[in-house]
Number of protein chains: 2
Amino acid sequence: MAAAGEAQDAVDWEVLQILALVGDKWSLLVIGKLRDGPQRFGELQRGVRGISQRMLTLTLRKLERDGLVNRTVQAAVPPRVDYRLTVLGESLLGPVLSLVQWAVDHRDEIVEHRSHHDRP
Amino acid sequence: MAAAGEAQDAVDWEVLQILALVGDKWSLLVIGKLRDGPQRFGELQRGVRGISQRMLTLTLRKLERDGLVNRTVQAAVPPRVDYRLTVLGESLLGPVLSLVQWAVDHRDEIVEHRSHHDRP
DNA sequence: CTGGATCCTTATGGATACTG
DNA sequence: CAGTATCCATAAGGATCCAG
């Protein structure tokens, strides 16, 4: 009977998918910024503190590939490129925000425990 | 008026805290395994597919330091060490599972979009 | 059984310069 | 403006050996 093991593997797969989507430093911050609505490349870079041009590009490419973000180019001079959350991307907002809310609710507890652990 | 910027920074801080807690490959899997109840080091290593001894140790140390996991040693030969989720750790389960549920609900959509993006 | 120490390879990401 | 390309430093992580 390998049903239990297979079920566990399935769960693991989902978890790893989540991490592949938003488990890096920038994806969640970019998605969070895009909550404000469609934005241009430059707006995003100014909005997400500390992100480099390179990482913004890589992050947007990944989010686009995974279907969370939509990229629209308007051929003009100077060029204008807008990024917006897709329906799929917006559907991710709920679960993510509940996690953020958890962090808000427990930040003091975490910080407290961490310092207490360093100096018992 | 810098209130908006400060609020955004606060949100960013929470997001980065989440990533520091569970944004790595193994933390979520270990937490997921600990849902089954308190377990020994060896059980965890067998339960979390592919984790090395080193990474299990490091992950558990981090989770312990952040107050998500409790470590109890029973002096004996051979030594026995049990790990269990703390109350704080269990409170994280809800938000995390809603995220997992999201991945379950949209896995087909994600896979489909990904392959479609590779071959347009 | 639990887990620390070391070596070594790869992945990540910042800085910078250049292009349509 | 919106990238692409390159170089380089650091971090992450696997394999292995050793010890209480």
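Atoms considered below: every heavy atom in the structure, side chains included; atoms not considered: hydrogens, waters and symmetry mates. In what follows, chains are A, B, ... by sequence order, proteins preceding strands, each numbered from 1.
- In this structure the side chain of B:Leu34 never reaches within 4.5 angstrom of the side chain of B:Arg84, judged on heavy atoms.
- Applying the ring-ring contact (aromatic ring centres under 6.0 Å, His included) test to B:Trp102 and every residue at least two apart in sequence or in another chain returns B:His106.
- Pairs passing the side chain to side chain donor-acceptor pair (under 3.5 Å) check and including a residue from residues 66-81 of chain B, sequence neighbours excluded, read A:Arg114-B:Asp66, B:Arg71-B:Tyr83, B:Gln74-B:Asp82, B:Arg80-B:Asp82.
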List every contact pair, protein side and nucleotides 8-11 of chain C side both N or O, where the distance is under 3.5 Å.
none

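- The separation between A:Leu60 atom CG and D:dC1 atom P is 16 Å, rounded to whole Å.
- Members clustered with B:Trp13: A:Val111, by chain and number, using a 4.5 Å side-chain heavy-atom cutoff among hydrophobic residues.
- Under the salt bridge (Lys or Arg N to Asp or Glu O under 4.0 Å) criterion, no residue pair touches residues 87-104 of chain A, with sequence neighbours excluded.
- Taking atom CG of residue A:Leu56 and atom C1' of nucleotide D:dA2, one finds them 10 Å apart after rounding to whole Å.
- When the salt bridge (Lys or Arg N to Asp or Glu O under 4.0 Å) test is applied to B:Asp24, the partners found at least two apart in sequence or on another chain are B:Lys62.
- A single hydrophobic cluster is not seen to contain both B:Ile110 and A:Val87; linkage of ILVMFWY side chains at heavy-atom distances under 4.5 Å, directly or through other members, places them apart.
- Each salt bridge (Lys or Arg N to Asp or Glu O under 4.0 Å) pair with one or both residues in residues 92-103 of chain A, not counting sequence neighbours, would appear here, but there are none.
- Under the 4.5 Å side-chain heavy-atom criterion for ILVMFWY residues, no single connected hydrophobic cluster contains both B:Val73 and B:Val77.
- Of the listed nucleotides (C:dC1, D:dT4, C:dG3), D:dT4 has the atom at the smallest distance from the side chain of A:Thr57.
- Recorded end-axis angle for the helix from C:dC1-D:dG20 to C:dG20-D:dC1 stands at 50°, based on five pairs per end and rounded to 10 degrees.
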*Letter per nucleotide, 5' to 3', of nucleotides 10-17 of chain D [B base touched, S only sugar-phosphate touched, - untouched; heavy atoms, 4.0 Å]*: ---BBB-B
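- Residue pairs meeting the salt bridge (Lys or Arg N to Asp or Glu O under 4.0 Å) criterion with at least one member in residues 35-44 of chain B, sequence neighbours excluded, are B:Lys33-B:Asp36.
- In this structure, the side chain of A:Thr59 does not engage the main chain of A:Leu56 through any donor-acceptor pair within 3.5 Å.
- Against DNA chain C, the stretch residues 40-49 of chain A makes no heavy-atom approach under 4.0 Å.
- B:Leu92 places a side-chain heavy atom less than 4.5 Å from the side chain of B:Ile31.
- In this structure, A:Asp82 atom CG and D:dC1 atom C1' are separated by 12 Å, rounded to whole Å.
- If you measure from atom CG of B:Leu58 to atom P of C:dG4, you get 8 Å, rounded to the nearest angstrom.
- OP1 or OP2 of C:dG3 has at least one side-chain nitrogen or oxygen of B:Tyr83 nearer than 4.0 Å.
- Residue pairs meeting the salt bridge (Lys or Arg N to Asp or Glu O under 4.0 Å) criterion with at least one partner in residues 44-53 of chain A, sequence neighbours excluded, are A:Arg49-B:Asp9.
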